[in-house]
Amino acid sequence: MRVTLRYFAWVREKVGRAEESVELPAHVATIADLFAWQRSRGAGFADAFERADVVRAAIDQAHALAGQPIAGAREIAFFPPVTGG
Amino acid sequence: MSVRVQREDFDIAAEVRALTDARTDIGAVVTFSGIVRGAAAGRALSAMTLEHYPGMTEAELARVEAEACSRWPLQASRIVHRYGELRPGENIVLVVTASAHRQAAFAAAEFLMDYLKTRAPFWKKEADAQGRGEWVDAREADAASAERWRSGE
């Protein structure tokens, strides 16, 4: 499955990019799977995704939980807990 | 009902006028504005930069506003949130709620702020006097403030 991945704030700084298009391995089915896959992609990714509890995700611009399936997603984003207002 | 995400400043009086002009069904307007502080944790700040997720930000603010409208009888509401580099004293966010009576307007304004703080995809980076930047951590207290609106559901 080909999907656009986007990164914000310190997650973006750690992985060294704001956006990329990737072909995901077939075994990556949920947000939690995606976190595990990201950790295997090198030092910056391992550092950014070291603590799954402090990185949030969104599927197609809506907040997503760890167990959520990613099938059919066009855009998945990763970011720290939000600090608006 | 409207939400806006913009780099430029907003004029509070003009935003209120846009909601109330030519209407006589509004008896109460509450505005909240958030402003950049000049210090954090005893450290002087030179600037605060807000990053956001274009597209999701607008969608999330619209969802939060729709939720407020389903909970309180609002005649009108508006959320304006800025992004980019802001200096101490500059406006960050504006929430306006208009209702027939004050209770709904007060409660909805507080709800909107509590919810957007924990849901709208913004991230703040504070720069100190030397220009060194540091990401602001999400506050437990903000999560607790948003959570209390769930009680009784």
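Note on naming: letters A, B, ... go to the chains in the order of the sequence lines (proteins, then strands), and numbering restarts at 1 for each one.
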Report yes or no: do [X] and [Y] belong to one cluster of Ile/Leu/Val/Met/Phe/Trp/Tyr joined by side chain heavy-atom distances under 4.5 Å?
X	Y	answer
Val22(A)	Met1(A)	yes
Tyr7(A)	Val3(A)	yes
Leu94(B)	Phe106(B)	no
Tyr83(B)	Val64(B)	yes
Leu19(B)	Phe111(B)	no

Which heavy atom in [X] sits nearest to a heavy atom in [Y], and how many Å separate them?
X	Y	value
Ala138(B)	Val82(A)	CB-O, 3.8 Å
Arg119(B)	His63(A)	O-NE2, 2.7 Å
Ala58(A)	Met56(B)	CB-SD, 3.6 Å
Thr83(A)	Val136(B)	CG2-O, 3.5 Å
Phe122(B)	Gly84(A)	CB-CA, 3.5 Å

* **Interface moiety of Arg56(A) toward chain B, non-hydrogen atoms closer than 4.5 Å** =>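 For Arg56(A), there is no contact with chain B at all, as no heavy atom is under 4.5 Å.
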* **From Tyr53(B) atom OH to Gln61(A) atom CD, the distance as rounded to the nearest 0.5 Å** => 4.5 Å
* Chi angles and distances behind the side-chain contact (heavy atoms from CB on, under 4.5 Å) call for Lys125(B), Trp10(A) -> CA-CA 9 Å; Lys125(B) 193 175 206 174; Trp10(A) 56 253; over 6 Å; no
* **Side chain, backbone, both or neither of Asp137(B) within contact of chain A (heavy atoms, under 4.5 Å)** =>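 It is the backbone, since no side chain atom gets that close.
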Counting heavy atoms not belonging to [X], are there more than 12 under 6.0 Å from its [atom1]?
X	atom1	result
Arg43(B)	CZ	yes
Glu51(B)	CD	yes
Glu140(B)	CD	no

* **Largest heavy-atom contact set with chain A, pairs under 4.5 Å, which of Arg63(B), Lys124(B), His52(B)** =>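 Greatest number of close heavy-atom pairs with chain A: Lys124(B).
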* Would you call the rings of Trp123(B) and Phe79(A) parallel, tilted or perpendicular if under 30° counts as parallel and over 60° as perpendicular? ->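 Rings of Trp123(B) and Phe79(A): tilted, 30 to 60°.
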